[in-house]
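Down below is the structure, laid out as structure tokens.
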Amino acid sequence: MNLFSDIRNLVVETLGGMAADGALPPGLDTAAVTVEPPRDPGHGDMATNAAMVLSKPAGRPPREIAAALAARLLTDPRIASAEVAGPGFLNLRLRPSAWQGLVRAILEEGFAFGRSRIGTGLRVNVEFVSANPTGPMHVGHARGAVFGDALANLLHHAGYEVTREYYINDGGAQVDVLARSAYERYREALGYAPEIAEGLYPGDYLIAVGEALAEEFGEALIDQPEEMWLSDVREFATERMMAMIREDLAALGVRMDVYSSERALYDTGQIEAAIARLRAMGLIYEGVLEPPKGKTPEDWEPREQTLFRSTAFGDDVDRPIRKSDGSWTYFAPDIAYHFDKVERGFDMLVNVFGADHGGYVKRLKAVVAALTGGRVPLDIKLIQLVKLYKNGEPYKMSKRAGTFVTLRDVVDEVGPDVTRFVMLTRKNDAPLDFDFAKVLEQSKDNPVWYVQYAHARVSSVLRKAAAAGLEVSDAALAAADLARLDHEAELALARKLAEWPRLVEIAARGNEPHRVAFYLYDLASEFHALWNRGNEEPGLRFLQDDPAASLAKIALARATGVVISAGLGILGVAPVEEMR
RNA sequence: GGCCCCGUAGCUCAGGGGAUAGAGCGACCGCCUCCUAAGCGGUAGGUCACAGGUUCGAAUCCUGUCGGGGCCGCCA
């Protein structure tokens, strides 16, 4: 049940009726008609801009259209009042029965309340994390992981068929560096002095890889030339790194559906096939790039390269796909990878990147636009930096990696639920301050705690009611006499609950999971407010002497609990039953 | 130099064509005989960086300027 879309449908149908009766010209486009909660609740429950949007095409003053629309809407049993306001808003109030019906619907639908069909029949690929398999993930990866996973949950809730995907960057020089670093640890494990040269990865996490290599290969690789062992050690170490990354993701509650390997794109013809596709469209050519403006490298010299005409799709310059020695640039497998995603039939692609990859947005969008003729949208979400603090002091120490704070450090210290919620309390394109002390604080300026507290209070009410002998299953509560929920403060909470399905759609359309976190905070606030009004007005307490009155109020509390659980579920956070 | 993101209350941030711009923190004033006061209510606090433009209507969209951050040849 989605009251906002229901009422919008009513408005649009009513407008259609007006057109049929000659009250409006036929064929008006109602796509821009909205039904929203007004910013000022004093204006009503819902407001529609229909009259203002249609005024110009209909050739009639907005307030006149609004008045005519109001008269017709009032015949609907849900509508209590319809008032023209301001430049032509139509402010609607719904009868209490509409809100009571909403509470009942939440109890009947459970977590399905808030599901949307905007994604029905559409397959979306969410690529996220994609950390290089050369070491443990850092906090920045944690934020990207949380964002991507919550976004995937959100899109699923909105009806999409979602694939979570990790692109393993195992095809470049960095995995060779990994192999050489691991090789030194292998020598170390066998009692030789390791030579961890400048440029190799010094982290302790490779010691275990070296020991595993020693167990696997014994002395066989000692004193052998690099070309004898590089490939084997690289594969071995990369697999070890990916196993570690999977464990770290699991600790955060993140599970991928697909791991795609960059290396697997080479030597299988996939790069060639993707390039051939672009070449057939006349988008590949041999040419010489200008030096980058204002920052010409000292050793710059013009070279002819194989280029992709990404400027035809909004990029700033064409991009090289082959180095001057004939080998592929890093961009080439990227083209092949996105070609592969497109070929797998996704209707929509989302990439979650660190903000330092901002320079790749235009060229990747160009690739997908070129390969699909613009049919498949690619949205790239850039995740800004996480700044770590502890009691306000910058925090840089790491237990494992030495030089940077790892994802695991964070999860071990504050737990996956707190990590996830806090990292979703900011838009992806805003930097995030993460204070290890503050996120564990038990006060209302800690949104995680505040939302959990609201859920715990709901659970507390249910426990006490059950202890008092009331039947508080969702079915029993849905059958309660909800007409008793008629106080303004109770209806205000119901109004907030009614926004949930709308919020899911807005958040899903914009790929913005943070909206869920902010909504939950608002909802919790509304619930805490009602709770406290019970102090002054005992008639507003959830537990009443009269069982029938109790059941109605408990139904409202439980409905709130259902929505909080559903929202936390999208964020990947487990709701708590009691605070400790 | 070019491109991307950001600029909203003292601080941290939501809102991103709609009415009198919101929340938390901090400040001030109230509320427990009462389902968890780890909470709630209220007051004070704004040139939505600046200047143009589009629109019935701009914090929101466009252009430019200023300020902060990021990225920028075959690296990954």
Side-chain angles (χ1 to χ4, degrees), chain A residues 32 34 36 38-40 42-43 47 49 52-53 55-56 61-62 85-89 91 132 134 169 171-175 177 262 288-297 299-303 305-306 315-317 319-331 354-362 380 382 384-385 425-433 435 438 441-447 449-450 452-454 456-457 460-461 463-465 468 510 514-515 517-519 521-522 525 528-538 540-544 550 553-554 557 578-579:
Chain A
T34 60
E36 302 173 324
R39 194 154 57 187
D40 182 349
H43 289 142
N49 64 351
M52 290 181 290
V53 169
S55 171
K56 191 180 262 186
F89 287 104
N91 291 328
N132 285 344
T134 55
N169 285 284
Q174 80 279 13
V175 282
V177 175
E262 176 193 1
V288 179
L289 288 176
E290 297 288 312
K293 290 196 166 53
K295 192 198 165 204
T296 306
D299 59 345
W300 176 273
E301 45 186 277
R303 288 171 186 161
Q305 299 167 269
T306 306
D315 201 359
D316 308 305
V317 290
R319 303 293 178 176
I321 58 171
R322 257 189 214 281
K323 304 177 193 176
S324 47
D325 68 2
S327 63
W328 298 115
T329 66
Y330 178 80
F331 184 42
D356 56 342
H357 283 62
Y360 294 85
V361 170
K362 285 188 178 182
I380 298 182
L382 298 177
Q384 281 291 343
L385 291 179
T425 54
R426 205 106 307 175
K427 294 184 289 200
N428 60 286
D429 49 15
L432 171 75
D433 289 345
D435 191 309
K438 283 187 179 165
E441 208 169 86
Q442 303 199 332
S443 74
K444 67 174 174 178
D445 60 321
N446 178 0
W449 179 85
Y450 189 76
Q452 292 283 29
Y453 186 30
R457 278 180 153 175
S460 165
V461 166
R463 278 195 303 270
K464 290 192 186 243
H514 75 277
R515 288 179 185 272
F518 281 93
Y519 170 80
Y521 186 87
D522 284 348
S525 178
H528 289 309
L530 176 59
W531 181 285
N532 263 65
R533 282 194 65 170
N535 290 337
E536 293 159 17
E537 301 175 51
L540 286 178
R541 293 178 196 169
F542 292 102
L543 299 176
Q544 302 284 325
S550 261
K553 293 168 192 298
I554 294 166
E578 57 185 326
M579 308 304 292

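Order of the sequence lines fixes the chain letters, A, B, ..., with proteins taken first and strands second; residue numbering starts at 1 for each chain. Only a predicted model underlies this, so the values are computations on that prediction, with no experimental measurement involved.
Position along RNA chain B of the nearest nucleotide to A:Arg463 versus A:His357 favours A:Arg463 as the more 5'-ward residue. Comparing A:Leu432 and A:Lys362 against RNA chain B, the residue whose closest nucleotide sits nearer the 5' end is A:Lys362.
Residue contacts shown for A:Arg457 are limited to sugar-phosphate atoms, with no base heavy atom under 4.0 Å away. Residue A:Arg533 is classed as having no contact, given no heavy-atom separation below 4.0 Å to the nucleic acid. Residue A:Ala85 is in base contact, counting any heavy-atom pair closer than 4.0 Å across all strands shown. At the heavy-atom level, A:Tyr453 lies under 4.0 Å from base atoms of the strands shown. Contacts of A:Asn91 with the nucleic acid, taken as non-hydrogen atoms under 4.0 Å apart, include base atoms. Here A:Ala47 lies in heavy-atom contact (under 4.0 Å) with a base. Backbone-only engagement by A:Arg426 is indicated by non-hydrogen atom pairs under 4.0 Å involving sugar-phosphate atoms exclusively. Residue contacts for A:Asn535: at a heavy-atom cut-off of 4.0 Å it reaches a base atom on one of the strands shown. Counting non-hydrogen atoms under 4.0 angstrom, A:Tyr360 reaches a base of the nucleic acid.
Here the nucleotide nearest the side chain of A:Asp433, chosen from B:C31, B:C35, B:U12, is B:U12.
The separation of B:C40 from B:G45, taken at their P atoms, amounts to 23 Å, rounded to a whole angstrom. For the P atoms, the distance linking B:A58 with B:U20 amounts to 11 Å, nearest Å.
Pair check for B:U65 finds B:A49; Watson-Crick or G-U wobble, both atom distances under 3.5 Å. With a 3.5 Å ceiling on both atom-pair distances, the Watson-Crick or G-U wobble partner of B:C3 is B:G70. Using N1 to N3 plus N6-O4 or O6-N4 for Watson-Crick, or N1-O2 and O6-N3 for G-U wobble, each under 3.5 Å, B:U33 pairs with nothing. With a cut-off of 3.5 Å on both pairing distances, the Watson-Crick or G-U wobble partner of B:C28 is B:G42. Here B:U54 sits opposite no nucleotide as a Watson-Crick or G-U wobble pair (both hydrogen-bonding atom distances under 3.5 Å).
Here A:Ser55 does not reach the OP1 or OP2 of B:C56: none of its side-chain N or O atoms lies under 4.0 Å away.
Side chain A:Lys323 to base B:G73: no donor-acceptor pair is found below 3.5 Å. Not a single donor-acceptor pair, N or O on each side, falls under 3.5 Å between the base of B:G2 and the side chain of A:Asp316.
Expressed to the nearest 0.5 Å, how far CZ of A:Arg426 lies from CZ of A:Phe518 amounts to 5.5 Å.
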Discussion item. Quick one, A:Arg322 with A:Trp328, criterion side chain to side chain contact (heavy atoms under 4.5 Å, CB included). Give me CA distance, side-chain angles, the key distance, then yes/no.
Written reply: CA-CA 4 Å; A:Arg322 257 189 214 281; A:Trp328 298 115; 3.3 Å; yes
